[in-house]
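Okay, structure first, notes after.
In listed order, ligands and their atoms are each counted from 1.
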Amino acid sequence: MDEDRYPAPSSRRRFVKGIVGSAALGSLGTAGAGLTEVPTNRSGVGGGSIEAKVIENTDGPADRGMSQIPVTIEDGYLKGVWPGSTEGATTEDDAVQTTLGGVTYSSKWFQYCGNQTHPKLEPDSEADNFLRVDDGGAYEWQSALESGAKLAVEEFDDYEEWGNGVGDDGLGKPAAATWRSTETDSSLPVQVIRSPEIEAAAEDDEWLAASTEKGFLAWLNSCTHLCCVPAGFKQSATVDGAENAVYCQCHQSVYDPFSVVTSVFTAYPRPQN
Ligand code: FES
């Protein structure tokens, strides 16, 4: 077992080492950190092998991490970056892609677990890209927020101290959100955290510098095992290694949001119009 990839959760110093080590591995192009997922239905468009940045799967039956969504801030509100909304975006193989922080960022990153049928993953689809409050989320602090409201930076002002009685306080403040899901029948589930650990790691990593802002990091919250929506960050005090990580309650998979790695998998095709 790679020690750097499995830092002791009770050790703050080793936790930070895990971030830097794994980020460096990712930037060195450790494609294959995840396994190949083979779709059972190959009809449709825009599927195929893809290399994505993911938050690392560290335990349980899932075979790879969950895809990262680059984050930006506009007028004090959080936005997920859609590749088609960036300068220089191109459409190839029926997916839209762009170059961000030295990485090819593609709409295919999100084509798994049924999300591939979401209308706002069409390469030419339009959305405002704000991350919006998901009131079905597990975080007590969000209950004061209006469902569907844009998530604001100021709501995370206590991120350097925040805790919920699980694991260590001060590692970051999470929220459940949706992305590109207004005026649609289905939602793309997202988790976002604001963390001083991410803020520090982004100082030495080109990809994290481009895909995070003010310590905010987001990912598509679809478990790569059997597609549950994981309970989230700091939601299990009983599973070893999950108390300061992201936990999927269905079969106990664990993901480390402080370890962004490269994963290769097969994106499911989108339905043909
Ligand atoms: S661990 Fe099985 S769906 Fe998440």
query: Is a side-chain donor-acceptor pair under 3.5 Å present for Tyr105 with Gln68?
result: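 Side-chain D/A pair, Gln68 to Tyr105: absent.
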message: Checking side-chain polar atoms at under 3.5 Å, does Glu213 have a donor or acceptor matched by the opposite partner on Thr72?
response: yes
task: Measure centre to centre between the rings of Phe156 and Trp141, then say whether the value is under 6.0 Å.
output: yes
- request: With Lys234 as reference, evaluate Asp168, Asn164, Asn244 under the side chain to side chain donor-acceptor pair (under 3.5 Å) test and give the passing residue.
  value: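 When side chain to side chain donor-acceptor pair (under 3.5 Å) is applied between Lys234 and each of Asp168, Asn164, Asn244, only Asn244 qualifies.
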task: Kindly confirm whether atom 2 (Fe) of ligand 1 is within less than 2.8 Å of some N/O/S atom in Cys250?
output: no
- line: Residue, atom and distance of the protein heavy atom nearest atom 3 (S) of ligand 1 read Leu226 N, 3.3 Å
query: Counting heavy atoms only, which of Ser253, Ser222, Pro230 comes nearest to atom 1 (S) of ligand 1?
result: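 Nearest option to atom 1 (S) of ligand 1, by heavy atoms: Ser253.
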- request: With heavy atoms of Cys228 as the reference, note each atom of ligand 1 found under 4.0 Å away.
  value: 3 (S)
task: Assess whether atom CD of Glu161 is packed by more than 12 heavy atoms of other residues, nucleotides or ligands within 6.0 Å.
output: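 Counting neighbours around CD of Glu161, more than 12 heavy atoms of other residues, nucleotides or ligands fall under 6.0 Å, so yes.
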message: Heavy atoms only, cut-off 4.0 Å: how does Cys223 contact ligand 1, side chain, backbone, both, or neither?
response: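 Within the 4.0 Å criterion, Cys223 contacts ligand 1 through side-chain atoms alone.
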query: So what does the His225 ND1 - atom 2 (Fe) of ligand 1 - His251 ND1 angle come to, to 10°?
result: 90°
